[in-house]
Amino acid sequence: MIDLKLLREDPDAFDRGWALRGLPAQAAGLLEQDVALRALKTRLQEAQNERNAASKQIGKAKASGDEAAAQAVIERVSALKAEIQQGEEEERQLAEALDLALASLPNIPAADVPDGADENDNVEIGRTGDPRNFAFDPKEHFDLGEDLGQMDFETAAAMSGSRFVALKGQLARLERAIAQFMLNLHTDEFGYEEVAPPFLVRDEAVFGTAQLPKFTEDLFRTENGYWLIPTAEVSLTNMVRQAILSEAELPLRMTAYTPCFRSEAGSAGRDTRGMIRLHQFSKVELVSITTPDQGEAELDRMTECAQTVLKRLELPFRTMKLCSGDMGFSARRTYDLEVWLPGQNAYREISSCSWCGDFQARRMKARFKPNEGKGNQFVHTLNGSGLAVGRTLVAILENYQQENGTIAVPDVLKPYMGGVEEIVARG
RNA sequence: GGAGGGGUGGCCGAGUGGUUUAAGGCGCACGCCUGGAAAGCGUGUUUACCGAAAGGUAUCGAGGGUUCGAAUCCCUUCCCCUCCGCCA
């Protein structure tokens, strides 16, 4: 949610920001609604003031037994009543319309975010690790997994439809090992607190992180009104919903390993084979809650935490700074990590780290009490994947495949694999 | 699923139709006092909007209603809690 006060001060800056995201100018229309609402409030207040003063006179008149005087004022006040009621109704409608408009507008990109329309305009800012030279034609992960007899799309489809998978045996264990490794890294070395959060949440939570009101079609919903989290960003960020934190306890860093549920509406036909795009996948998420002055630096730190996972797994990747048109709704700045997939001969997104400023905090009413000065301020929120577990498994299969179709287990995962050094076909 | 009890400011908590401001406490801020501190005393302390200011208006989970006037009465709804039942 953008700050209406800032919008009043510099409407052009907001229009420029929205233009970067391909939106038409909004500020004038919003300010018009704002002015109308405040003018109405003022009129309403004047009428209420008059009514209150008159009501007090009635009380006094009745106390002194002057029924006639009381009756005269009562008649005058009743006339005000209709006017006030109508004004209140009008005010409610105007406020609702303005709130919805504000809630439906995305965050303003930071100044350094490259201007661009879509992912083709993202800017590569670094590569880490060299893609391996294969002496044979590297396969895609789904061929590898199916040949190993441990990645079963057909059985999953039979019970759940397309975009589901069942992992078995050592691949199922590998997924667990990946998640364990990531969680241990983020908690033991980077100071994130592990959280096991709810996977079903209410409207307010999803509004807080801004999937609502605009992106309902991307989410699954239960019949009694719960939303299945599309990412643990929702659960973790809402840990501080409505909170007033003390500055001393910031930054708060939380991590969680959760399933993520996405309807993938609008992505029909894309990545239909394999595990790249599923309705359900698991992810280790990172969320930081900071003071405003720490927000930007925290994004760099968080991105490095995510990069470290790939480095330890010795997976080649590149780091992208997202352009304005490709950033998520809440973000001011986003870095994507794209892992090299030799089977696809392409870099594919495996992490996305975003700094949201106070955009989500304002929606959640997440504040902190500063050490110096008075008044509570909104915190900054950040979220990032550290990493998408399913896609990490894909990357390991493709990068660690051997000519005979077996998969070498990355060194850092061996402690989690119970002595297994190589994943082989089931006997 | 059954039966109850509740939602009041940063926090706790009083308040079942009126006659300046939602009592009181805690916390916090400032001041007085002190060699310094504690204690004590005093002042202030939701948010939004209008106003140069003084001040005003709204805000007691949300939305309707009754009334000249609602935190208070009525209706609807959301949320939290307790007990019972069922259950990993």
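Each chain gets a letter, A, B and so on, in the order the sequences are listed, and its residues count up from 1.
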Exercise. Measure from the side-chain N and O atoms of A:Asn122 to the backbone N and O of A:Cys323, and report whether any donor-acceptor pair falls under 3.5 Å.
Key: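 Yes: the side chain of A:Asn122 pairs with the backbone of A:Cys323.
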
Quiz item: Is the backbone N or O of A:Asp218 less than 3.5 Å from a side-chain atom of A:Arg262, with the two atoms forming a donor-acceptor pair by type?
Solution: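 Checking the backbone N and O of A:Asp218 against the side chain of A:Arg262, no donor-acceptor pair under 3.5 Å is found.
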
Could you let me know what [N] is paired to, Watson-Crick or G-U wobble, both distances under 3.5 Å, or none if it's on its own?
N	answer
B:U45	B:G27
B:U16	none
B:G63	B:C75
B:C32	B:G40
B:G1	B:C84

Self-check item: Ring-face cation contact, A:Phe281 with A:Arg391, 6.0 Å cut, 45° max
Solution: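 Geometry flag: not set, cation outside 6.0 Å or 45°.
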
Quiz item: With respect to the side chain of A:Lys5, which nucleotide from B:C49, B:G10, B:A58 is positioned closest?
Solution: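 Selected nucleotide (nearest to the side chain): B:C49.
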
Could you work out the separation of [N] and [M] based on their [atom1] atoms and round it to a whole Å?
N	M	atom1	value
B:G85	B:C78	P	27 Å
B:G13	B:G17	C1'	22 Å
B:C79	B:A22	P	31 Å
B:G7	B:A88	C1'	31 Å
B:C84	B:C49	C1'	50 Å
B:A70	B:U59	P	9 Å
B:G42	B:G51	P	37 Å
B:C11	B:G5	P	26 Å

Quiz item: Of A:Ile244 and A:Lys41, whose nearest nucleotide on RNA chain B comes first from the 5' end?
Solution: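 Its nearest nucleotide lies further toward 5', so the answer is A:Ile244.
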
Quiz prompt | Residue closer to the 5' end of RNA chain B, A:Thr42 versus A:Arg367 (nearest nucleotide) | solution =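 Checking each residue's closest nucleotide, the 5'-ward one belongs to A:Arg367.
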
Could you tell me how far apart [X] ([atom1]) and [N] ([atom2]) are, to the nearest whole angstrom?
X	N	atom1	atom2	result
A:Leu98	B:A48	CG	P	15 Å
A:Leu94	B:A48	CG	C1'	16 Å
A:Gln48	B:A70	CD	P	10 Å
A:Glu204	B:A62	CD	C1'	11 Å
A:Arg241	B:C79	CZ	P	13 Å
A:Leu40	B:A58	CG	C1'	12 Å
A:Glu96	B:G64	CD	C1'	13 Å
A:Asp3	B:U47	CG	C1'	14 Å

Exercise. Look at the side chain of A:Gln45 against the base of B:C50 and say whether a donor-acceptor pair falls under 3.5 Å; ignore hydrogens and angles.
Key: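 Check fails, no donor-acceptor contact within cut-off.
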
Think [X] has a side-chain N or O under 4.0 angstrom from the OP1 or OP2 of [N]?
X	N	value
A:Arg38	B:C50	yes
A:Lys365	B:U47	no
A:Arg202	B:C80	yes
A:Arg92	B:G64	yes

Quiz prompt | A:Arg312/A:Glu189 salt bridge by N-O under 4.0 Å criterion | solution =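 Here A:Glu189 pairs with A:Arg312 in a salt bridge, since their nearest N and O are under 4.0 Å apart.
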
Quiz item: Got a salt bridge between A:Arg270 and A:Glu264, using NZ or NE/NH1/NH2 to carboxylate O under 4.0 Å?
Solution: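 Result for this pair is no, no salt bridge flagged.
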
Quiz item: Do A:Thr209 and A:Gln360 have side-chain atoms, one donor and one acceptor, less than 3.5 Å apart?
Solution: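 Judged by distance alone, the side chains do not pair up.
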
Exercise. Identify whether any heavy atom of A:Arg8 sits under 4.0 Å from a base atom; if not, whether one sits that close to sugar-phosphate; answer base, sugar-phosphate or nothing.
Key: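 The residue A:Arg8 makes sugar-phosphate contact but no base contact.
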
Practice problem: Please report the C-alpha distance between A:His279 and A:Phe164 in whole Å, then the side-chain angles of each, then the deciding distance to 0.1 Å, and finally whether the ring pair (Phe, Tyr, Trp, His ring centres under 6.0 Å) criterion is met. | Solution: CA-CA 6 Å; A:His279 288 310; A:Phe164 287 92; 5.4 Å; yes

